[in-house]
Amino acid sequence: MLRLTHFDAIIIGFGKAGKTLAGDLAGRDWNVALIEKDKTMYGGTCINIACIPTKLLMHDALNGSEYRAAVERKNGVIERLRDKNYHSVADLNKATVYDGTAVFISDKEIEVETGNGKKEVLSADKIFVNTGAETSIPPLEGDIDSDKVYTSTTLIDEEILPDKLTIVGGGYIGLEFATMYNAFGSEVSVIVPADEILNDEDEDIRNEITKDMKESGINFIFGERAEKVKEESSSNITVTLSDGRELTSNAILFATGRKPNTKGLGLDNTSVQLTENGGIKVDNHLQTTADNIYAMGDVKDGFQFTYTSLDDYRIVKSHLFDDGEYSYDSRTNVHYTMFTDPPYSRVGLTLQEAKEEGYEADENSMPMSGHPRSHINNELRGLFKAVVDTESGKILGVHLYGVNSEELINLAKLAMDHEIPYTVLRDQMYNHPVMSEAFNTLFDI
């Protein structure tokens, strides 16, 4: 008979929301178990396989570093951050880290199997699922299991730079990797099923990004899909396109999206329900259909960002301790950045979207070539756009393609969240010469 150990809370997954919640609950004198099946994932997706390593590699690529050296630096940084995250929970008096695989037995019981095959049953009053997402690869014919086929997770660990890289998928991940590997020196081709990239973005900005990426040497193949993969030799692999053309390279990256990671959790043994997209179904407080089980982060439907995962923790904390005053519906103006060169950041609506929603909307645009700081930076590429409601003065959307956009977008979101009129950003006194003073001109609508 398996030993049964009871906790006040069990958290499955060492991601941003899970580890932050574990520290909070342990600080409130709760006995907490945090279960992680992969020792290389302490701290979650962002630290280990996404935001931190990819942005580090992008930084080094754009600064002329040699690829192998950049990978080695990336590995060292991740190892330090991973260790720091592990000890942030494991060293707490009220927290226990289990290195093992968690499977639900019921709504309140979980079986944990460790690497040596040892099994133990844990029970808890509250259980929180924070298992993240995994790469979604479409079904293709051929040698899909070849060691020359990569995901965004596996390619960044490859120490040899591919001379030629084929990227399947023209979304944010695909475009970031195209930028990065092109900067390192790979010959990059991107297969895009649509007729253009970034269909949901502002047309002018979309066109600027496309132009700049093409001028940097990236090759786009629009309106085609990858249908078959064939390993040609020890160094080459070929993708067959929907029009019959073949594209041969040394590596293929599938950047075709990520899906909630619910496989193997044993949710069939619970009253937890899934959405049509395969995520865990939650309510406004991130409770599942089992009222003692919550889901946080990428495992539920919605944005897959580290900062929204951290915000999920705030929602759960509010429900547990603050009568649910802060809920999912409280979250507004979610912003994001695509770290191309230069980066593109957005919050809110395009002009067309704003008009469709009934606003008396107008916009202004500002080429970065006319901004003094751009000349100091020796980077004249980029385009900023702002969309406002001319009746109320409300900021409806900000679209920033240019240097430091990843920082400036936070200021725009702050103004939107607190309903600060666009005229305040227009008339604000900024120091000089900096990128933020572009708002003096951008919001002159």
Side-chain angles (χ1 to χ4, degrees), residues 13-16 19 36-88 132-135 147-169 171-188 190 213 216-218 249-256 258 261 297-298 304-307 309-310 336-345 403-404 406-407:
F14 213 125
K16 185 70 170 181
K19 63 132 181 177
E36 175 54 59
K37 69 178 182 179
D38 186 348
K39 292 182 179 180
T40 68
M41 289 299 288
Y42 297 138
T45 297
C46 179
I47 285 175
N48 294 288
I49 61 173
C51 324
I52 300 300
T54 57
K55 277 54 184 179
L56 185 153
L57 290 175
M58 182 74 78
H59 171 275
D60 285 11
L62 297 177
N63 282 278
S65 296
E66 189 269 332
Y67 178 70
R68 188 188 295 269
V71 172
E72 290 176 356
R73 189 172 86 85
K74 179 263 299 182
N75 292 341
V77 169
I78 291 172
E79 186 175 344
R80 292 194 297 273
L81 293 176
R82 183 187 299 144
D83 182 69
K84 178 182 178 182
N85 273 268
Y86 173 77
H87 286 286
S88 71
E134 59 181 349
T135 302
D147 61 2
K148 299 171 191 61
V149 173
Y150 297 90
T151 66
S152 60
T153 300
T154 58
L155 184 58
I156 59 175
D157 286 335
E158 179 57 54
E159 294 184 351
I160 299 175
L161 180 71
D163 290 333
K164 292 185 178 181
L165 172 65
T166 300
I167 298 177
V168 180
Y172 305 111
I173 294 176
L175 297 180
E176 286 189 6
F177 271 75
T179 302
M180 180 198 314
Y181 278 82
N182 176 67
F184 274 125
S186 294
E187 183 181 321
V188 178
V190 184
M213 294 190 77
S216 74
I218 296 169
S249 60
N250 310 115
I252 299 172
L253 167 66
F254 279 92
T256 46
R258 293 173 64 81
N261 187 16
D298 300 353
Q304 295 183 350
F305 300 134
T306 295
Y307 46 92
S309 182
L310 177 61
Y336 55 86
T337 294
M338 178 178 70
F339 287 87
T340 47
D341 177 35
Y344 167 62
S345 303
V403 171
N404 294 141
E406 72 278 17
E407 298 287 353

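Here, residue 1 is the first one in the sequence, and each next residue gets the next number. These values consider heavy atoms only, across backbone and side chains, with no hydrogens, waters or symmetry-generated copies.
Here T151 contributes atom OG1 and E134 contributes atom CD; the two are 10.5 Å apart, rounded to the nearest 0.5 Å. In this structure, the separation between CD on E187 and CG on N250 is 9.5 Å, given to the nearest 0.5 Å. Separation of atoms CG (N75) and CZ (R80) is listed at 11.0 Å; rounding is to 0.5 Å. Distance OG1/T337 to OH/Y172: 11.0 Å, rounded to 0.5 Å. Here the OG atom belonging to S186 is positioned 10.5 Å from the CE atom belonging to M180, to the nearest 0.5 angstrom. Separating the OG1 atom in T153 from the CG atom in L253 is a distance of 10.0 Å, to the nearest 0.5 Å.
L62 and A183 get closest at one heavy-atom pair: CD2-CB, 3.9 Å. The two atoms that bring T166 and S249 nearest to each other are OG1-OG, 2.9 Å, heavy atoms only. Taking all atoms of both residues into account, the shortest heavy-atom contact from C51 to T306 is SG-OG1, 3.6 Å. Taking all atoms of both residues into account, the shortest heavy-atom contact from E406 to P343 is OE1-CG, 3.4 Å. Summarising the geometry of N261 relative to K37, their closest heavy-atom pair is ND2-NZ, 4.4 Å, with the distance given to 0.1 Å. In this structure, T179 and M213 approach most closely via the heavy-atom pair OG1-CE, 3.4 Å.
Applying the ring-ring contact (aromatic ring centres under 6.0 Å, His included) rule to Y307 yields the partners F305, H335; only residues at least two apart in sequence or on another chain are considered. By the salt bridge (charged side-chain N to carboxylate O under 4.0 Å, His left out) test, D157 pairs with K74, sequence neighbours left out. Annotation: salt bridge (charged side-chain N to carboxylate O under 4.0 Å, His left out) contacts of K148 (sequence neighbours excluded): E231. For K19, the side-chain hydrogen bond (donor to acceptor under 3.5 Å, both in side chains) partners at least two apart in sequence or on another chain are N85. For S216, the side-chain hydrogen bond (donor to acceptor under 3.5 Å, both in side chains) test picks out N182, with sequence neighbours left out. A search for side-chain hydrogen bond (donor to acceptor under 3.5 Å, both in side chains) contacts involving E72 returns nothing, not counting sequence neighbours. Scanning for ring-ring contact (aromatic ring centres under 6.0 Å, His included) contacts around Y344 gives an empty result, with sequence neighbours left out. Considering only residues two or more places apart in sequence or on other chains, K55 meets the salt bridge (charged side-chain N to carboxylate O under 4.0 Å, His left out) condition with E176. Residues satisfying the side-chain hydrogen bond (donor to acceptor under 3.5 Å, both in side chains) test with H87, not counting sequence neighbours, are D83, D91. Applying the side chain to side chain contact (heavy atoms under 4.5 Å, CB included) rule to T256 yields the partners P138, V168, F254; only residues at least two apart in sequence or on another chain are considered. Residues satisfying the ring-ring contact (aromatic ring centres under 6.0 Å, His included) test with Y86, not counting sequence neighbours, are Y42.
Pairs engaging residues 59-71 under the salt bridge (Lys or Arg N to Asp or Glu O under 4.0 Å) rule: D60-R73, R68-E159 [sequence neighbours left out].
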Query - T45 vs R258, side-chain contact (heavy atoms from CB on, under 4.5 Å): CA-CA, chis, key distance, verdict - result: CA-CA 12 Å; T45 297; R258 293 173 64 81; 4.0 Å; yes
Report task. Show your reasoning for whether side-chain contact (heavy atoms from CB on, under 4.5 Å) applies to F177 and I156. Result -> CA-CA 9 Å; F177 271 75; I156 59 175; 3.6 Å; yes
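Taking 4.5 Å as the limit, every side-chain heavy atom of S152 sits out of range of all side-chain heavy atoms of I49. Two residues are said to be in side-chain contact when any heavy atoms from C-beta on lie closer than 4.5 Å; P53 and N48 fail this criterion. Side-chain contact between L155 and L165 is present, with at least one heavy-atom pair separated by less than 4.5 Å.
Taking the six-membered ring where the residue is Trp, F184 and Y67 present perpendicular rings, their angle passing 60° and hence far from 30°.
Within the 3.5 Å criterion, the main-chain N or O of G43 finds no donor-acceptor partner in the side chain of R82.
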